[in-house]
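Structure first, then comments.
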Amino acid sequence: MTTPQALQGMSDIFSPEVEIWQTLESRAREVLARYDFREVRTPILEEVGVYLHSLGDTSEIVTKQMYAFETRGGKQVCMRPEGTAGVMRHLAGRGQEAQDARLYYLGPMFRAERPQAGRRRQFHQLGVEGMGPASPEQDAEIIAMQAALFEAWELGPVSFQLNTRGAPEDFPRILDGLRNELLPHQDSLCGDCQRRLDNNVLRVLDCKVPGCKEIVQSLPPITTWMAPESIAYFDRVRAALDALKVPYEVNPLLVRGLDYYQHTIWEVTSTALGAQDALSGGGRYRMAMGKTELDGVGFGIGMERVLLALSEDTKTAFAKDAKDLVMLVAQNDEARGANFVLAADLRAAGFRVRMDLTGKSMKAQMKAAGRQNARWVILRGENELAQNTATVRDMSVGEQSEVPLGQVKDVLK
RNA sequence: GUGGGUGUAGCUCAGUUGGUUAGAGCGCCAGUUUGUGGCACUGGAGGCCGCGGGUUCAAAUCCCGUCACUCACCCCA
């Protein structure tokens with residue numbers, strides 16, 4: 001095939017699906033505004049340094065999945081693989097302003113992975129960052145906001161999985177503790193997990209291999225190695241969520257991918273999805289951006305996955321055009337010329353209007369109107385031009401009437 | 001990065017053990033209706049059988065490579 005096609009894992013989003021995206025986006029903006037979140041639009045291209053330390057030097061995103069290259073000026077840059085680091089880069093230079101910023105972003109992210117169900121190389125995230133020092137109430141507020149968002153999206157049943165990673169001071173104890181518990185079982189673990197023992201112990205917790213699962217079940221809970229304050233923090237998050245009646249489930253085995261998380265972490269899963277069943281992941285974090293340390297809590301939602309999780313009925317409703325289509329049909333060239341002007345008038349009055357521009361037969365024009373789901377057809381020929389009228393046909397019922405040109409807008413209502 | 005499945009008309013797919021001009025349904029165009037969609041009937045257009053090599057008298061069919069789609073692993077939203 002010689003005609004160009006989109007790159008692997010990157011797809012065009014077009015009608016009728018793009019209307020669903022637009023509905024999701026506008027509803028999201030409404031909900032986020034109620035919590036006083038403002039949009040931030042950061043560049044897609046960033047210096048690689050923005051991601052290196054913030055995401056963790058060993059994370060697979062940084063080591064293997066970035067679309068990175070060198071500019072002609074010799075700068076190492078990459079397409080953003082996630083949203084939080086760019087927002088932190090934005091905030092790091094803004095002093096006080098950053099302390100209590102509430103920002104959201106909406107746009108494409110890029111990771112060079114193998115595509116599969118719910119995973120694309122260019123995918124789209126809606127992300128939210130609520131800044132401020134660790135506060136269980138704020139964590140709960142953000143989770144509640146997300147629940148409100150999913151409600152506005154009319155998403156079917158989803159499950160909020162909640163866990164804590166503890167404080168940074170807890171991390172070494174947790175990793176050592178887990179490793180020590182797992183070492184006696186080393187030979188029974190799957191190959192991946194034996195490797196994880198060295199570079200990513202936490203990931204053993206959510207391994208899908210049955211043998212590993214069994215071993216993991218016998219492990220003491222991760223809170224075993226946490227300071228009492230960390231556990232108390234988590235308890236307060238849960239109390240706050242209970243107060244707001246936000247349903248959630250504590251999942252002690254929940255692990256988040258990026259290094260910057262601490263304390264509260266969560267994931268939202270849906271059974272409507274395939275193997276990649278997480279619609280969203282979030283958590284509290286502390287991120288170092290140059291000399292600045294930024295505290296916040298946020299989440300990212302995979303928009304493609306949200307679309308996968310929507311029911312067919314909801315998608316149909318969301319894809320529906322707001323306005324009925326009006327199609328202008330002309331019998332001859334003279335009528336077409338007149339319609340050209342009428343189309344402009346009607347559009348100025350707010351109607352969604354289209355007309356034939358190619359000089360097809362009336363029959364063909366009517367067919368096209370049917371195909372494009374026009375609600376109204378306005379038909380003009382010799383008679384209408386002579387009498388300064390128009391025939392207005394309601395395609396949904398197949399009835400029509402001839403009305404003076406000045407009354408057309410009233411009939412369309 | 002690893003593994004499985006799939007690439008034939010705009011779409012969904014047939015295509016027998018390699019064998020003449022590669023088929024169907026839907027869609028599209030036209031006519032039946034020289035001012036009118038949906039239904040029906042009739043006719044028509046449209047394929048380098050993903051791409052490149054190879055085997056063969058002969059390849060959509062067999063072999064190799066490659067690109068893409070798809071599902072799963074890894075990883076993650």
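Just so it is clear: chains get the letters A, B, ... in the order the sequence lines come, proteins before strands, and each one is counted from 1.
- Taking 4.0 Å as the cut-off between side-chain N and carboxylate O, A:Glu312 and A:Lys315 count as a salt-bridged pair.
- Taking the P atoms as reference points, B:G19 lies 15 Å from B:C63, given to the whole Å.
- Scored by the side chain to side chain contact (heavy atoms under 4.5 Å, CB included) test, A:Ala167 finds A:Glu169, A:Asp170, A:Ser230, A:His263 as partners (sequence neighbours excluded).
- With hydrogens and angles ignored, no donor-acceptor pair under 3.5 angstrom links the side chain of A:Asn332 to the base of B:G35.
- Counting any heavy atom pair closer than 4.0 Å across all strands shown, A:Gln372 reaches no nucleic acid atom.
- Taking atom CD on A:Gln331 and atom P on B:U33, their separation rounds to 19 Å, with Å as the unit.
- For the pair A:Arg380 and A:Ala112, nearest-nucleotide mapping onto RNA chain B gives the more 5' position to A:Ala112.
- Applying the 4.0 Å criterion to OP1 and OP2 of B:U33, one finds that A:Lys363 has every side-chain N and O outside that range.
- With sequence neighbours excluded, no residue satisfies salt bridge (Lys or Arg N to Asp or Glu O under 4.0 Å) with A:Glu70.
- For the side-chain contact (heavy atoms from CB on, under 4.5 Å) with A:Arg284, the qualifying choice from A:Tyr233, A:Tyr261, A:Trp266 is A:Tyr233, the only one to do so.
- Taking the ring centre of A:Phe171 as origin, the terminal cationic atom of A:Arg165 falls inside the region bounded by 6.0 Å and 45° from the ring axis.
- For the pair A:Arg121 (side chain) and A:Ala112 (backbone), a donor-acceptor distance under 3.5 Å is absent.
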Nucleotide by nucleotide, nucleotides 41-46 of chain B touches protein heavy atoms under 4.0 Å in the pattern (B base, S sugar-phosphate only, - none) ------
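- Protein atom CE of A:Met366 is 15 Å distant from nucleotide atom C1' of B:C39, rounded to whole Å.
- Nucleotides B:G18 and B:C39 place their C1' atoms 45 Å apart, quoted to the nearest Å.
- In this structure A:Leu106 satisfies the side chain to side chain contact (heavy atoms under 4.5 Å, CB included) test together with A:Glu25, A:Arg29, A:Leu126, sequence neighbours excluded.
- Of the two residues contacting RNA chain B, namely A:Met362 and A:Ala278, the nearest-nucleotide position lying further toward the 5' end is that of A:Met362.
- Remark: A:His124 engages A:Trp21 in a ring-ring contact (aromatic ring centres under 6.0 Å, His included) (not counting sequence neighbours).
- Atom CG in A:Leu328 sits about 16 Å away from atom C1' in B:G35, given to the nearest Å.
- Applying the salt bridge (Lys or Arg N to Asp or Glu O under 4.0 Å) rule to A:Asp176 yields the partners A:Arg179; only residues at least two apart in sequence or on another chain are considered.
- Regarding A:Asp206, its CG atom lies at a distance of 12 Å from the P atom of B:A77, rounded to whole Å.
- Atom CD of A:Gln186 sits in a crowded spot, with more than 12 heavy atoms from other residues, nucleotides or ligands closer than 6.0 Å.
- Taking the P atom of each, B:C51 and B:U61 are spaced 11 Å apart, rounded to whole Å.
- A salt bridge links A:Glu46 with A:Arg89; the closest basic N to acidic carboxylate O contact falls under 4.0 Å.
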For RNA chain B, the dot-bracket pattern of Watson-Crick and G-U pairs whose distances stay under 3.5 Å, | for other-strand partners: (((((((..((((.....[...)))).(((((.......))))).....(((((..]....))))))))))))....
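- The existence of a salt bridge linking A:Asp356 and A:Arg354 is excluded, since no basic side-chain nitrogen approaches an acidic carboxylate oxygen closer than 4.0 Å.
- Nucleotides B:G43 and B:C48, compared at atom C1', are 28 Å apart to the nearest Å.
- Here the P atom of nucleotide B:G38 and the CD atom of A:Gln400 are 14 Å apart, to the nearest Å.
- Residues passing the side chain to side chain contact (heavy atoms under 4.5 Å, CB included) test with A:Glu181, sequence neighbours excluded: A:Leu219, A:Pro220, A:Trp225.
- Residues forming a ring-ring contact (aromatic ring centres under 6.0 Å, His included) with A:Tyr260 (at least two apart in sequence, or on another chain): A:Tyr285.
- B:U66 and B:G23 have their P atoms separated by 34 Å, with the value rounded to a whole Å.
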Contacts under 3.5 Å, N or O only, protein and nucleotides 25-29 of chain B:
residue, atom, partner, partner atom, Å
B:C28, OP1, A:Arg371, NH1, 3.3

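- Taking atom C1' on both B:A60 and B:U16, the two are 13 Å apart, rounded to the nearest angstrom.
- If you check every strand for non-hydrogen atoms under 4.0 Å, A:Arg256 touches sugar and phosphate atoms only.
- Applying the salt bridge (Lys or Arg N to Asp or Glu O under 4.0 Å) test to A:Asp345 and every residue at least two apart in sequence or in another chain returns nothing.
- Between the P atom of B:A77 and the CG atom of A:Leu149 lies a distance of 17 Å, rounded to the nearest Å.
- Ionic pairing of A:Arg352 and A:Asp324 is not present here: no N-O contact between side-chain nitrogen and carboxylate oxygen is shorter than 4.0 angstrom.
- Phosphate contact (OP1/OP2 of B:C76, side-chain N/O of A:Arg203, threshold under 4.0 Å): present.
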Base contacts versus sugar-phosphate-only contacts with protein, heavy atoms under 4.0 Å: please encode nucleotides 65-74 of chain B as B, S and - from 5' to 3'. ---SSSSBBB
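- Between the CH2 atom of A:Trp153 and the C1' atom of B:A77 there is a distance of 11 Å, rounded to whole Å.
- Distance check on atom C1': B:G38 versus B:C26 gives 16 Å, rounded to whole Å.
- Of the P atoms belonging to B:C29 and B:G37, the separation is 13 Å, rounded to the nearest Å.
- Nucleotide B:U36 holds its C1' atom 6 Å from the CG atom of A:Leu379, rounded to whole Å.
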